[in-house]
Structures are given as C-alpha cells and as structure tokens.
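See structure below.
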Amino acid sequence: MSTITVIPDSAAASACMYRARAGDREAIGPTVGDAVNGVTDQVNGPQETTLIIVQPMKPDRFFNAEQIRRLKDLMAKWRAALNGGNTLPPEEQAELDDLVRAELDGMIERTKALGEPTKP
C-alpha cells in the first residue's frame, strides 16, 4: 500500500496550495486532487491500494501551535533559499528535518487515535 500525505502549503503562493508527498516524491497543486495526481503521476499511477491523509495543520496534542509556526517559518526560508539557488544553513535544515519528522509521527499517532473508542 502506498501512503500519500497532503498538507496545505500557504507559503507556496498567495492562494492556498496543497503539497502531496509519497516517500521521496512530492507535488504541489491548487487542489488536493491536483497535488495527489502530481505525486501519482511520478510513481506511474496509484498502487493497488492508496491511503491519502489530508492534514489541515491545526494544532493538536500531536503537533502543537509553536511547532506549526516554526515549521511554516522554516518552510518559507527553505523555499526562498531554493528559489535563490541556495540551501538553508545546516542548523536550520536539521531543525526543519526534525519538525517534518515530528509532524509525520504526529500524523501516524493522529491516525491511530481515529481507531480508538471515544470516551463519554
């Protein structure tokens, strides 16, 4: 099964865009469907089973408001550096990598929590 993660990418342009990731593949589009199609096109179409997770980037117990703010800040710096033919300083790149991993871990935990029984 392949897993595609979709997150809003407000720093990509003035209008809301979506970033889809599947493994090391990534695509951006004006809609969730466009972003997902961009990723599946890179891997020669959807696999037999595809799980798509859309994260609205709202703070929760798995990824808090400060982490979201810092991730957005670093992503904006990363895009600006990339557009200028540069890279982030190593310490900022490491922090960005850590935050991306933390959000992915949060997404996994968030998904697991969906299957938990609700408490009255």
Work out which heavy atom in Q42 is nearest to a heavy atom in E26; give both atom names and the distance.
-> NE2-O, 2.8 Å
To the nearest 0.5 Å, tell me how far R110 CZ sits from D60 CG.
-> 4.0 Å
Which heavy atom of L88 sits nearest a heavy atom of Q93, and at what distance?
-> CD1-OE1, 3.8 Å
With a 4.5 Å heavy-atom cut-off, do Y18 and D34 have their side chains touching?
-> no
What are the two closest non-hydrogen atoms of A35 and A20, and how far apart are they?
-> O-CB, 3.4 Å
L74 to L96 - nearest heavy-atom pair and separation | CD1-N, 3.8 Å
Considering all heavy atoms, the nearest A65-P59 contact = N-CB, 3.4 Å
Run the salt-bridge test on R69 and D73 with the 4.0 Å N-O cut-off and return the result as yes or no.
-> yes
Roughly how far, to the nearest 0.5 Å, is CG of L104 from CZ of F62?
-> 14.0 Å
Please walk me through it: do N37 and T40 pass side-chain contact (heavy atoms from CB on, under 4.5 Å)?
-> CA-CA 5 Å; N37 287 341; T40 57; 4.3 Å; yes
In Å and rounded to the nearest 0.5 Å, what is the CZ to CE distance from R19 to M75?
-> 4.5 Å
Nearest-0.5 Å distance, CG of residue N83 to CH2 of residue W78 = 9.0 Å
Can you tell me how far the CG atom of L99 sits from the CD atom of E66, to the nearest 0.5 Å?
-> 9.0 Å
Between V39 and R21, which heavy-atom pair has the shortest distance, and what is it?
-> CG2-N, 4.2 Å
Point-to-point distance, once rounded to the nearest 0.5 Å, from CD of Q67 to CG of D98 = 10.5 Å
